[in-house]
Amino acid sequence: MSLRSQSVKGVKWNAVGTLTTTALQMLKLFILARLLTKQDFGLLAIATMFLGFTEIFANMGLATGIIHKQDISRDQYSSVFWLNLMLSVGLYLLLCAATPLIASYYHQSDLRRLIPLLSFTLVIDSFGKMFYTLKTKELDFRFISIVQIVGVTLGVVLTVVLALRGHGVFSLAWGALLQEALTQGVYFFAGFRAYRIRLHFRLSEIRELVSIGLYQLGMQVVDYAANKLDIFLIGRFFSAEVLGVYNLAKELLYKAVQLINPIVTNVAAPAFARFQDDKPKMRRSYAEVLHLLSFVNFPIFMAFFLFAEPLTVLLYGRGLVEMVWFVRVLAVWGMLQSVGNPAGILMVSLGRTDLGFRWTLVRIVFVLTGTLIASHISIQAMAWTQVLLAFVFLFAYWRMMVYRCIQMPLGQYLGAVSWPLLGVVVAALPALPLLFFAAGQEEPLRTVMLYADMAVFGLAYLAFYWFTKRDMLLQLPVFGRRDNQ
């Protein structure tokens, strides 16, 4: 099978897996928002923040090295596996030891039990982590998608059952543990047999992978700190309830970024690595990726901006209606994030984690300054600061990453996203009159009109592309002919 055919098949299966698991996660939130408190979501935000930070050190950036390097021996695979396991166990114990300090810092005693329980996923993940990376490298997204769908489904079921029985935020921890045990267990048994991992560890054999991974590790640490600095400060200077509302809004928009982008980027990174020496082809392919992702992402974020209230009420209920303002502001942040996010393809495929590390050092300076200032003003200032930073980073990231990797001109970079941006602006024009008219109506007519207006916006966007970029639409399987190559 050709690389193009493998990539197309990988995108299709990755789309199935990502869309299905995201739908299940949203269904879980739809139910839990009506069963758990705002404080529960605030506690979860704090626990997952520290867990996510620890996971970065457990990964050591080795996944990037495995994807970039095309010839890896059985001994090297064995060394990577045991290194991941040792790091994960050590970091789990370290996080457990730090839990009392974390609970004391936030004045939340429930964190003493929640963090050790939830963070046990670190140990579980270490058994299947490398084998998941190898399946990604092989573009075997059919296997990955099936495993993820089954694991998420059973995890969601357990979470909801426990929440209904009154276990609160701990229901989320037990659901996550079940999901990871199932998925990582399957990756482990399938991969252990295929790659014949043995009791062998020699750090010198994987020095090249580690050197690539160390830059990735440094980049991920600083990048994660930049992404979560607002959560860290809100939890301290505001209440757990305020953090819960803010984080739910931010995670909703972040999930929208992660809903579409990984469908393409997870396949593109190993695919780009196979023609990493052909820079003109990489520029053309990267522009196509940017255009495709913007075509899908921009109308989603514009819909969240225009219809924040009905979408928030639909997903979380009227008990969290104060999320609406944050959803609307962070929709702009999400749109900007969706453009910069795919640049990781270039870093992974070219092995240029050193550039990514340098970029994150610059980024953290701006994020630290802006977020600290905003935390002393208001929670609203914190939200607007995220938008401003994302706008500045859009151009800075191009100069420090995209241009350095493939010498893509700024005009080509912005041109790849300009047409989708024009499309959502044009599509919003016929939707705005009905939006303003619906605002003055009584329920339930008001809600019905808003949902109808969403359909108007979506149809107007597709009509814009049909009359201006019909060939692109017809290349998508959902609209027209299929690529059978």
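Worth knowing before you read on, the calculation uses all heavy atoms, side chains too, and leaves out hydrogens, waters and symmetry mates.
To the nearest 0.5 Å, atom CG of residue Asp40 and atom CG of residue Leu32 are 9.5 Å apart. Taking CZ from Arg328 and CZ from Phe307, the interatomic distance works out to 10.0 Å, rounded to the nearest 0.5 Å. Taken from CE in Met282 to CD in Gln407, the straight-line distance is 10.5 Å, to the nearest 0.5 Å. Atom OG1 in Thr99 sits 9.5 Å away from atom CG in Leu94 (nearest 0.5 Å). Separation of atoms CD1 (Ile102) and CE (Met49) is listed at 7.5 Å; rounding is to 0.5 Å. Of the inter-residue distances, the one linking Tyr92 atom OH with Thr54 atom OG1 reads 11.5 Å to the nearest 0.5 angstrom.
Aromatic pair Phe464/Trp419: centroids less than 6.0 angstrom apart. Checked against the 6.0 Å centroid threshold, Tyr461 and Phe295 count as a close aromatic pair. When ring centroids are compared, Tyr105 and Phe232 come within the 6.0 Å threshold. For Phe393 and Trp359, the gap between ring centers is short of 6.0 Å.
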Candidate pair Leu414 and Trp398, rule side chain to side chain contact (heavy atoms under 4.5 Å, CB included), full reasoning: CA-CA 10 Å; Leu414 295 178; Trp398 160 78; over 6 Å; no
Worked check of side chain to side chain contact (heavy atoms under 4.5 Å, CB included) between Phe326 and Leu253: CA-CA 10 Å; Phe326 293 107; Leu253 276 304; over 6 Å; no
Candidate pair Phe53 and Lys228, rule side chain to side chain contact (heavy atoms under 4.5 Å, CB included), full reasoning: CA-CA 9 Å; Phe53 186 74; Lys228 295 294 184 180; over 6 Å; no
From CA spacing to verdict: side chain to side chain contact (heavy atoms under 4.5 Å, CB included), Asn297, Met335: CA-CA 7 Å; Asn297 281 321; Met335 185 178 291; over 6 Å; no
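Annotation: side chain of Leu311 is in contact with side chain of Met454 (closest heavy-atom distance under 4.5 Å). Taking 4.5 Å as the limit, every side-chain heavy atom of Phe391 sits out of range of all side-chain heavy atoms of Val332. Contact of the Trp333 side chain with the Val329 side chain is not registered, since no non-hydrogen atoms from C-beta on lie closer than 4.5 Å. By the 4.5 Å heavy-atom criterion applied to side chains, Arg113 and Phe170 are counted as neighbours. The shortest distance between side-chain heavy atoms of Val456 and Asp453 falls below 4.5 Å. Proximity of Val150 to Leu154: side-chain heavy atoms (C-beta onward) are separated by under 4.5 Å at one or more points. Side-chain contact between Tyr316 and Leu252 is present, with heavy atoms from C-beta onward closer than 4.5 Å. Proximity of Leu36 to Leu172: side-chain heavy atoms (C-beta onward) are separated by under 4.5 Å at one or more points.
For Glu241, there are no salt bridge (Lys or Arg N to Asp or Glu O under 4.0 Å) partners, not counting sequence neighbours.
Put simply, the residue from Thr183, Leu177, Leu182 that forms a side-chain contact (heavy atoms from CB on, under 4.5 Å) with Ile124 is Leu177. With Tyr403 as reference, Arg399 is the one residue of Arg399, Met401, Met400 to meet the side-chain contact (heavy atoms from CB on, under 4.5 Å) rule.
Other residues, nucleotides and ligands contribute over 12 non-hydrogen atoms within 6.0 Å of the CZ atom of Arg446.
For Ser171 (side chain) and Gly168 (main-chain N/O), a donor-acceptor pair under 3.5 Å exists by modelled atom type. Counting only distance, with no hydrogens or angles, the side chain of Thr369 and the backbone of Phe366 share no donor-acceptor pair below 3.5 Å. Between the side chain of Arg165 and the main chain of Val161, no donor-acceptor pair closer than 3.5 Å is present. In this structure a side-chain-to-backbone donor-acceptor pair under 3.5 Å is missing from Asn247 to Leu243.
Scanning all heavy atoms of the two residues, the minimum distance from Ala240 to Gln108 falls at CB-NE2, 3.9 Å. Of all the heavy atoms in Leu95 and Leu51, the pair that sits closest is CD2-CA, 4.4 Å. Nearest heavy atoms, Gln386 versus Leu330: CB-CD2, 4.4 Å. The two residues Phe298 and Val424 make their nearest non-hydrogen contact at C-CG1, 3.6 Å. Taking both residues in full, the closest heavy atoms of Ala383 and Trp325 are given as CB-CZ3, 3.8 Å, listed atom of the first, atom of the second, then distance. Listed here is the closest heavy atom pair of Ala416 and Leu290: CB-CB, 3.8 Å.
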